[in-house]
2 protein chains.
Amino acid sequence: MARLEPLSTTTPCQNCALRALPIFRCLSGAELAFVEKFKIGELEVQAGSDILLAGTHSAHLFTIFGGWCFRYDLMEDGRRQIHSLLLPGDFIGLQTEMLGTMQHSVQSLTDVRLCVFSRERFWTIYESFPELAFDLTWAAACGERTVEVALSNVGQRPSFERLAALVVHLYRQLDGLRLVKDGTILWPLTQQHVADLLGLSTVHVSRVLRRLVDSGLVRLDGRRLTVVDLPALAEVAAVDPEKPLRRPLI
Amino acid sequence: MARLEPLSTTTPCQNCALRALPIFRCLSGAELAFVEKFKIGELEVQAGSDILLAGTHSAHLFTIFGGWCFRYDLMEDGRRQIHSLLLPGDFIGLQTEMLGTMQHSVQSLTDVRLCVFSRERFWTIYESFPELAFDLTWAAACGERTVEVALSNVGQRPSFERLAALVVHLYRQLDGLRLVKDGTILWPLTQQHVADLLGLSTVHVSRVLRRLVDSGLVRLDGRRLTVVDLPALAEVAAVDPEKPLRRPLI
DNA sequence: CGTTGGGTTGACTCCACTCAAAAGATGTGG
DNA sequence: CCACATCTTTTGAGTGGAGTCAACCCAACG
């Protein structure tokens with residue numbers, strides 16, 4: 001399932017294309033230099049690989065450089081809840097450091113390229129780089145907020161709104177990452193993924209997704225989704241404007 | 001609504017009754033001394049007070065010393081999702097520091113006593129007390145996990161299981177805080193609160209709660225709830241053992 | 001007392017689930 | 001390149017869980 005292939009060709013953090021995006025906070029020269037040393041290398045994983053497993057203690061920490069992942073819980077009887085999608089710039093594995101073992105699992109949704117960080121040097125962040133330590137707390141707070149939004153979505157909205165809200169949320173995130181081209185985003189999610197994200201059955205997702213497409217608000221061909229009318233979509237989703245937050249990138 | 005009354009009588013952190021509990025990590029002498037200085041005073045708030053409001057920037061940070069609170073989101077049309085209950089030892093207001101403003105609100109469920117901390121000195125934690133900074137990230141990670149569990153609960157379980165899981169989770173938390181007496185815990189939640197926690201209607205909560213009591217697994221008189229058979233309740237709730245995590249107390 | 005907020009109960013509706021079958025897709029190996 | 005298996009999506013029919021609406025009870029409280 002998991003195929004982790006270390007790469008020889010790595011990008012220096014200074015030239016990181018992600019870092020240039022305005023949604024990310026700038027790091028000082030010293031911080032950048034440290035991150036550079038903190039980084040072990042890069043990793044390429046295939047779609048559908050388990051990157052971290054609940055109950056285990058990961059040997060590494062990661063930042064997504066490219067591709068999509070998702071965090072999820074699995075219950076004994078097989079029910080799965082996806083907590084959130086993880087996109088480029090998202091940090092993976094904090095729980096390992098804090099809580100001893102991962103409580104949830106992380107899986108890749110597309111082929112993914114990860115930056116890999118050393119766990120041994122993790123503590124030195126707190127000793128020597130308070131700004132970076134602050135950023136780690138920041139990242140955790142962002143992650144928490146993401147799950148809160150998902151909870152409100154699943155708990156309060158009917159299925160049509162719920163799906164619309166997912167699309168709007170995703171679209172906005174990808175827009176900040178400059179991954180929207182002409183209103184079109186990548187849509188690597190199977191209906192099973194959507195069902196487990198939203199707490200619906202796959203059959204119902206199929207119907208609601210069709211209804212959404214038939215409404216003309218979005219178009220869907222294969223693995224690409226086009227948002228035809230974002231304001232209208234946000235309207236039916238009943239989501240607030242939600243100003244994009246500048247966040248740290250480690 | 002909110003009545004914040006500063007108190008003259010404050011307990012020194014060394015003698016804090018909470019700190020003696022085994023679920024909390026021990027602080028070093030130096031750390032304790034700093035927390036003591038970091039602390040401004042104590043605050044008593046009545047049940048039903050808004051402690052923090054979404055969209056605002058709080059002047060203070062808090063730790064719950066006694067009583068219950070809850071975090072929640074409010075949608076424009078009035079729908080409310082409660083993300084989690086906050087119990088003694090829980091930290092309130094991290095989001096203010098990280099994300100600029102609170103994204104969710106916090107309200108007291110019972111009369112509550114809070115330890116109040118200075119926001120100005122917040123940054124010195126990261127500069128001077130890496131262990132405490134680490135603990136803040138830890139607290140954020142714990143908070144995230146709590147919401148994840150709630151999301152899995154709401155997204156995957158039918159109402160009866162969902163309610164049972166809430167009771168089990170709460171019981172275990174309170175047990176760690178030594179707030180269980182003969183299998184009995186405080187139950188300050190109205191059915192409206194439970195509905196907004198679980199994503200159900202109040203009418204349905206009434207019915208499911210009755211079904212739970214009729215099943216003999218729990219008893220409920222007034223504002224007290226007794227768990228008659230915890231293993232059986234955990235069984236119907238389909239929750240995993242979930243070993244209690246030792247966590248920091250600030 | 002009357003008022004108010006919380007809880008209960010019944011009747012009815014409907015959203016979303018289950019079960020089932022079949023039609024595309026996608027991929028694999030012979 | 002075809003045959004076959006597997007995964008994904010679609011569609012229909014029937015069911016049931018949870019919502020809505022409404023009336024009513026009860027306790028707390030001014």
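What you are looking at is a predicted structure, and each value in this text was computed from that prediction instead of being measured. Below, chains carry the letters A, B, ... as their sequence lines are ordered, and counting in each starts from 1.
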Is there a side-chain polar atom (N or O) of B:S206 under 4.0 Å from OP1 or OP2 of C:dT8?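 B:S206 to C:dT8 OP1/OP2: side-chain N or O found under 4.0 Å.
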Do the side-chain N or O atoms of B:R223 get closer than 4.0 angstrom to the phosphate oxygens (OP1, OP2) of C:dG7?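 Yes, within the criterion.
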If I take atom [atom1] in residue [X] and atom [atom2] in nucleotide [N], what distance separates them, rounded to the nearest angstrom?
{"X": "B:L220", "N": "C:dG7", "atom1": "CG", "atom2": "P", "result": "9 Å"}
{"X": "A:D214", "N": "D:dT11", "atom1": "CG", "atom2": "P", "result": "9 Å"}
{"X": "A:L209", "N": "D:dT8", "atom1": "CG", "atom2": "C1'", "result": "12 Å"}
{"X": "B:L212", "N": "C:dG7", "atom1": "CG", "atom2": "P", "result": "15 Å"}
{"X": "A:R210", "N": "C:dA23", "atom1": "CZ", "atom2": "P", "result": "17 Å"}
{"X": "A:D221", "N": "C:dG24", "atom1": "CG", "atom2": "C1'", "result": "16 Å"}

First locate atom CG of B:L163, then atom CG of B:L200, and finally report the distance between them rounded to the nearest 0.5 Å.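 Spacing of CG (B:L163) from CG (B:L200) equals 8.5 Å.
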I need the full list of salt bridge (Lys or Arg N to Asp or Glu O under 4.0 Å) pairs touching [range], with sequence neighbours left out, sorted by first then second residue.
{"range": "residues 171-192 of chain A", "result": "A:R172-A:E242"}
{"range": "residues 215-239 of chain B", "result": "none"}
{"range": "residues 76-94 of chain A", "result": "A:D77-A:R79, A:R79-B:E161, A:R80-A:D196, A:D90-A:R247"}

Side chains of B:Q95 and B:Q103: any donor to acceptor distance under 3.5 Å?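 No, B:Q95 and B:Q103 have no side-chain donor paired with an acceptor closer than 3.5 Å.
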Output a table of donor-acceptor pairs, distance under 3.5 Å, between side-chain atoms of residues 58-67 of chain B and any protein atom two or more places apart or on a different chain; print 'none' if there are none.
unit_1, atom_1, unit_2, atom_2, d
B:S58, OG, B:H60, N, 2.9
B:S58, OG, B:H60, O, 2.6
B:T63, OG1, B:I250, O, 2.9

Side-chain donor-acceptor pairs of residues 209-217 of chain B under 3.5 Å, sequence neighbours excluded:
unit_1, atom_1, unit_2, atom_2, d
B:S215, OG, B:L212, O, 2.6
B:S215, OG, B:L217, N, 3.4

By side-chain contact (heavy atoms from CB on, under 4.5 Å), which residues pair with A:L85, not counting sequence neighbours?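 Partners of A:L85 under the side-chain contact (heavy atoms from CB on, under 4.5 Å) test: A:W68, A:F70, A:L109, A:L170, A:L189, A:L197.
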Those residues of residues 70-86 of chain A lying under 4.0 Å from DNA chain D by at least one heavy atom: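 Residues of residues 70-86 of chain A that come under 4.0 Å of DNA chain D do not exist, since none gets that close.
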Could you list by number each residue of residues 190-197 of chain A showing a heavy-atom separation from DNA chain D of less than 4.0 Å, or answer none if no residue does?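 The stretch gives A:T190, A:Q191 as the residues lying under 4.0 Å from the strand, ordered by number.
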Using the test salt bridge (charged side-chain N to carboxylate O under 4.0 Å, His left out), find all partners of A:R145 that sit at least two apart in sequence or belong to another chain.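 Here the qualifying residues are A:E148, B:D73.
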Suppose we screen for side chain to side chain donor-acceptor pair (under 3.5 Å). Which residues come up paired with B:T190, at least two apart in sequence or across chains?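 B:H193.
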Per-nucleotide protein contact string for nucleotides 12-30 of chain D, where B marks a base within reach and S marks sugar-phosphate only (heavy atoms under 4.0 Å, - for neither): BB----BSBB---------
Under the rule for ring-ring contact (aromatic ring centres under 6.0 Å, His included), what residues qualify as partners of B:F91, not counting sequence neighbours?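 Listed in chain order: nothing, the list is empty.
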